[in-house]
Amino acid sequence: MNHDPHCIFCKIVAGQIPSKKVYEDDDLLAFHDINPWAPVHILIVPKRHITSMADVTMDDQALLGRMLALSPRLMRELGVGNGYRHVINTGADGGQEVMHLHLHVFGGPRPWKKG
Ligand code: 5GP
Ligand code: ZN
């Protein structure tokens, strides 16, 4: 499935729900988390609906690589110069709340609310 009409991040990708975008290309969208844990907290998502890491296959390796490889550029552009943290939550026990694959990137001066 490329687009799940009930998925909140698919709605953000489609522009049906507003977001503070930081980057967009044909395959990826990055936007600020609505409830940030750190001074800078962004989410990098594939535009295609992938439910979680549990659904990723070797065919997705370029996409996953691009999600990670994009993050240093975005953190630099957002003024984060002293380090940052990546998190991907998978499934219920992994603490995943939104069932559309997303890479959290946290940065900015500590203390952070969480993480
Ligand atoms: P998870 O726990 O699934 O890894 O993280 C989901 C994240 O999505 C949470 O940090 C939450 O604040 C964020 N989030 C949920 N709904 C929205 C929304 O409508 N807009 C934005 N920008 N972030 C959202
Ligand atoms: Zn989705």
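All ligand and atom numbering here is 1-based and tracks the order in the structure.
Those atoms of ligand 1 that come under 4.0 Å of a heavy atom in L43, given as number and element, are 8 (O). The contact set between ligand 1 and N35, taken as ligand atoms under 4.0 Å from a residue heavy atom, comprises 12 (O). Contact atoms of ligand 1 toward Q96: 3 (O) (distance under 4.0 Å to a heavy atom of the residue). Each of the atoms 1 (P), 4 (O), 5 (O), 7 (C), 10 (O) of ligand 1 lies under 4.0 Å from some heavy atom of H104. Of all the atoms in ligand 1, the ones that sit under 4.0 Å from a non-hydrogen atom of N89 are 1 (P), 2 (O), 4 (O).
Look at S19 and you'll find every heavy atom at least 4.0 Å from all atoms of ligand 1. A heavy-atom separation below 4.0 Å is found between F9 and ligand 1. Residue contact check for ligand 1: I88 places no non-hydrogen atom closer than 4.0 Å to it.
Relative ring orientation between H41 and F106 is described as tilted, the plane-to-plane angle lying within the 30° to 60° band.
Inspection of the H104 and H86 side chains reveals no N or O donor paired with an N or O acceptor under 3.5 Å.
With distances taken over non-hydrogen atoms, the option nearest atom 24 (C) of ligand 1 out of L103, I34, V87, I8 is I34. Across E97, H32, H102, heavy-atom proximity to atom 5 (O) of ligand 1 is greatest for H102.
V40 and L103 fall within the same hydrophobic cluster, defined by Ile, Leu, Val, Met, Phe, Trp and Tyr side-chain heavy atoms under 4.5 Å apart, directly or through other members.
Of all protein heavy atoms, the one closest to atom 15 (C) of ligand 1 is V98 CG2, 4.0 Å. Shortest contact from atom 20 (N) of ligand 1 to any protein heavy atom: I12 CD1, 3.6 Å. For atom 13 (C) of ligand 1, the closest non-hydrogen atom of the protein is D33 OD2, 3.3 Å. In this structure, atom 2 (O) of ligand 1 lies nearest to the protein heavy atom G95 O, 3.0 Å.
One finds the SG atom of C10 at 9.0 Å from the CG atom of N2 (value rounded to the nearest 0.5 Å).
Using a cutoff of 4.0 Å between basic side-chain nitrogens and carboxylate oxygens, K11 and D4 are not scored as salt-bridged. Salt bridge status for R48 with D27: absent, with no side-chain N to carboxylate O gap under 4.0 Å. Between K47 and D25 there is no salt bridge, since none of the side-chain N atoms of the basic residue sits less than 4.0 Å from a carboxylate O of the acidic one.
With I12 as the fixed residue, the side chain to side chain contact (heavy atoms under 4.5 Å, CB included) test singles out one of L29, V45, V98, L43: L29.
Counting only heavy atoms from C-beta outward, the side chains of M75 and Y84 approach each other to under 4.5 Å. Annotation: side chain of L101 is not in contact with side chain of D60 (no heavy-atom distance under 4.5 Å). Side chains of R85 and W112 form a contact here, defined as non-hydrogen atoms less than 4.5 Å apart.
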Test ring-ring contact (aromatic ring centres under 6.0 Å, His included) on H49 and H100 and set out the steps. CA-CA 6 Å; H49 182 84; H100 179 129; 5.1 Å; yes
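Nearest heavy-atom pair, G91 versus M99, reported as atom, atom and distance to 0.1 Å: CA-CE, 4.4 Å.
Around the Zn ion (ligand 2), the protein atoms of type N, O or S found under 2.8 Å away are C7 SG, C10 SG, H49 ND1, H100 ND1, listed by chain and number.
Counting heavy atoms closer than 4.0 Å to ligand 1, residue W37 contributes nothing at all.
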